[in-house]
2 protein chains.
Amino acid sequence: MKKNDGKQIPQRVVSRLAMYFRVLTQLDASGIERISSRELGEMMSITPSQIRQDLSYFGEFGQQGYGYKVRFLHEEISKILGLKEKHSMILIGVGNLGRAIASYTNFRNRGFYLVAAFDVREEIIGKRFSDLIIKPMDELAQYLDENHVDIGILTVPASQAQEIADCLVEKDIKGIWNFAPVKLVVPEDVVVEHVHISDSLYSLSFRLREQDS
Amino acid sequence: MKKNDGKQIPQRVVSRLAMYFRVLTQLDASGIERISSRELGEMMSITPSQIRQDLSYFGEFGQQGYGYKVRFLHEEISKILGLKEKHSMILIGVGNLGRAIASYTNFRNRGFYLVAAFDVREEIIGKRFSDLIIKPMDELAQYLDENHVDIGILTVPASQAQEIADCLVEKDIKGIWNFAPVKLVVPEDVVVEHVHISDSLYSLSFRLREQDS
DNA sequence: TAGATTGTTAATCGATTAACAATC
DNA sequence: TAGATTGTTAATCGATTAACAATC
């Protein structure tokens with residue numbers, strides 16, 4: 001047995017863990033009870049070795065000669081990822097992207113709760129979004145003084161992102177989910193997860209040309 | 001000199017190329033004319049070696065003792081990524097996410113043009129989106145028979161994604177930008193770029209706990 | 001010229017895959 | 001039991017970093 005004794009887990013492994021979780025959710029939903037690393041690997045275009053190697057960072061979840069119990073493994077990975085805990089989130093920037101992200105219903109099922117939404121635009125302040133009233137950006141700092149928030153979702157223009165991140169950091173938010181196409185500068189105990197939407201289109205564009213030639 | 005003589009470029013390198021492009025855009029906009037791999041690396045938390053190594057896949061863009069001309073390098077990378085060409089795109093699924101993606105104005109500046117939008121929901125079919133009229137999903141196949149499209153943007157629920165992808169593939173679309181949380185099965189000459197939005201939240205959740213302990 | 005920085009080769013590091021004893 | 005498949009160690013592969021000659 002190996003278990004994770006404080007060793008740093010490679011980001012690659014964490015990303016794959018999230019993928020395993022997603023696939024296992026589907027398998028469980030379709031009533032499949034048992035799966036081997038070989039079968040799972042085939043489904044995901046990953047080698048069985050890699051799956052077993054990844055899981056071995058966290059413990060032993062299978063049985064020799066049998067494979068893995070889908071529901072059990074799903075449950076264990078959800079614990080590892082922290083999806084058994086509740087996370088409070090605030091949305092900063094209630095544009096199309098912000099609305100899309102925050103209203104993705106599955107997040108609530110996984111323990112991610114939206115507790116407030118902020119925007120600078122007069123015309124939407126005070127309006128409803130989901131079951132919240134959109135607050136003016138001015139009230140952000142005060143809100144954070146009075147409420148504990150785990151994660152800030154940043155869906156504002158690139159030009160405003162760093163300034164708001166600074167405010168979140170000052171008020172002790174430990175997680176930032178950043179959709180603005182800028183690298184945020186934050187202290188190292190703050191976790192930033194960046195979603196590279198436009199980078200991903202550029203990659204696609206590159207690979208299309210690669211195919212052609 | 002090395003240049004890319006048909007060697008396959010690692011995906012990592014392509015992703016970083018997109019990052020370099022983004023940073024160079026900013027540098028150029030703020031009037032900076034010259035940058036060394038050391039300075040650029042510092043800004044991006046990347047080693048100078050890696051930047052030079054990455055660029056060397058494609059050619060020689062700098063001058064010894066001087067560094068790189070920002071505008072020139074920006075231009076060259078934009079050529080490499082294929083951002084000098086026009087790409088036609090269709091949007092499939094005009095929900096919040098679809099609207100957000102497609103109306104991200106910068107894409108048009110980079111040569112990505114939205115030429116049609118499709119949805120299944122009666123209540124929005126026929127309505128305007130941007131400068132388009134939203135078409136019913138039934139008309140997708142016919143549209144693709146009559147028009148050339150480079151990229152399909154898939155912002156539909158996970159349950160519908162594969163079926164639509166099959167249709168796109170049959171009609172010879174070569175690029176799919178997939179926002180649905182499913183692995184699409186497509187022939188290998190079709191390029192799929194997947195944006196892992198929920199996976200990324202799970203990663204964030206994991207790393208928040210890692211910090212704690 | 002002297003100093004700086006490139007492009008590229010070689011060395012190192014880390015991640016993936018293969019192999020296999022353990023065992024259900 | 002025999003067959004299958006795990007968890008883990010060892011071997012391989014690929015990606016990152018270091019070093020340095022070339023040269024602006």
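Sequence lines set the chain letters: A, B, ... in the order given, protein chains first and strands last, and positions in each chain run from 1. Note that the structure is a prediction, hence the values are computed from the model and not measured.
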Can A/Arg52 and A/Asp54 be counted as an ion pair, charged N to O under 4.0 angstrom?
no

Greater than 12 external heavy atoms within 6.0 Å of A/Lys171's NZ
yes

Sequence-distant partners of B/Pro181, side chain to side chain contact (heavy atoms under 4.5 Å, CB included), two or more places apart:
A/Arg22, A/Tyr104, B/Ala158, B/Ser198

Shortest side-chain distance from B/Gln64, nucleotide among D/dT6, D/dA22, D/dA15:
D/dA22

With a cut-off of less than 4.0 Å, is there a side-chain N or O of B/Arg12 near OP1 or OP2 of D/dT16?
yes

Considering residues, nucleotides and ligands other than B/Lys69, do more than 12 of their heavy atoms fall under 6.0 Å from its NZ?
no

Could you tell me the separation between the CG atom of A/Leu55 and the C1' atom of D/dT9, rounded to a whole number of Å?
17 Å

Quick check on DNA chain C: between B/Gln63 and A/Asp54, whose nearest nucleotide comes earlier from the 5' end?
B/Gln63

To the nearest Å, how far apart are B/Ile51 CD1 and C/dT8 P?
16 Å

A/Glu163 atom CD: more than 12 heavy-atom contacts under 6.0 Å
no

Rounded to whole Å, how long is the line connecting atom CZ of B/Arg34 with atom P of D/dC24?
16 Å

Side chain to side chain contact (heavy atoms under 4.5 Å, CB included) for A/Phe129 and A/Leu91? Distances and angles first, verdict last.
CA-CA 10 Å; A/Phe129 168 63; A/Leu91 177 66; 3.8 Å; yes

Within residues 66-73 of chain B, which residues have any heavy atom lying less than 4.0 Å from an atom of DNA chain C?
B/Tyr66, B/Gly67, B/Tyr68

Let me check I have this right: for DNA chain C, each base becomes ., (, ), [, ] or |, based on Watson-Crick or G-U pairs with both distances under 3.5 Å. What is the full string?
..||||||||||||||||||||||

Take the protein atom CD1 of B/Ile9 and the nucleotide atom C1' of D/dG14, then report the distance between them rounded to whole Å.
14 Å

So does A/Ser37 get a side-chain nitrogen or oxygen closer than 4.0 Å to the phosphate oxygens (OP1/OP2) of D/dT6?
yes

Testing A/Val156, A/Thr155, A/Ile153 one by one against A/Leu97 for a side chain to side chain contact (heavy atoms under 4.5 Å, CB included), which residue passes?
A/Thr155

When you get a sec, tell me which of D/dT5, C/dT8, C/dT5 is the closest nucleotide to the side chain of B/Arg38?
C/dT5

Nucleotide N/O to protein N/O under 3.5 Å, stretch nucleotides 17-20 of chain C:
residue	atom	partner	partner atom	Å
C/dT17	OP2	A/Thr47	OG1	2.9
C/dT17	O4	A/Gln53	NE2	2.7
C/dA18	N7	A/Ser49	OG	2.7
C/dA19	N6	A/Arg52	NH2	3.2

May I ask you to check whether over 12 heavy atoms, not counting those of A/Glu33, lie within 6.0 Å of atom CD?
no

In whole angstroms, how far is the P atom of C/dA4 from the CD atom of B/Glu39?
13 Å

Contacts table for residues 70-78 of chain B: side-chain donor-acceptor under 3.5 angstrom, sequence neighbours left out:
residue	atom	partner	partner atom	Å
B/Arg71	NE	B/Asp28	OD1	3.2
B/Arg71	NE	B/Asp28	OD2	3.4
B/Arg71	NH2	B/Asp28	OD1	3.1
B/His74	NE2	B/Thr25	OG1	2.9
B/Glu75	OE2	B/Lys84	NZ	2.9
B/Glu76	OE2	B/Lys79	NZ	3.0
B/Ser78	OG	B/Glu75	O	3.0

Can you list everything that forms a side chain to side chain contact (heavy atoms under 4.5 Å, CB included) with A/Gln64? Sequence neighbours excluded, please.
none

Distance-only polar pair, side chains of B/Gln50 and B/Thr47, donor-acceptor under 3.5 Å
no

To the nearest Å, how far apart are A/Tyr57 OH and C/dT16 C1'?
10 Å

Figure out the CZ/C1' separation between B/Phe58 and C/dT8, and round it to whole Å.
16 Å

CD (A/Gln11) with more than 12 external heavy atoms under 6.0 Å:
yes

Between CD of A/Glu60 and P of D/dT5 the distance, given in whole Å, is 18 Å

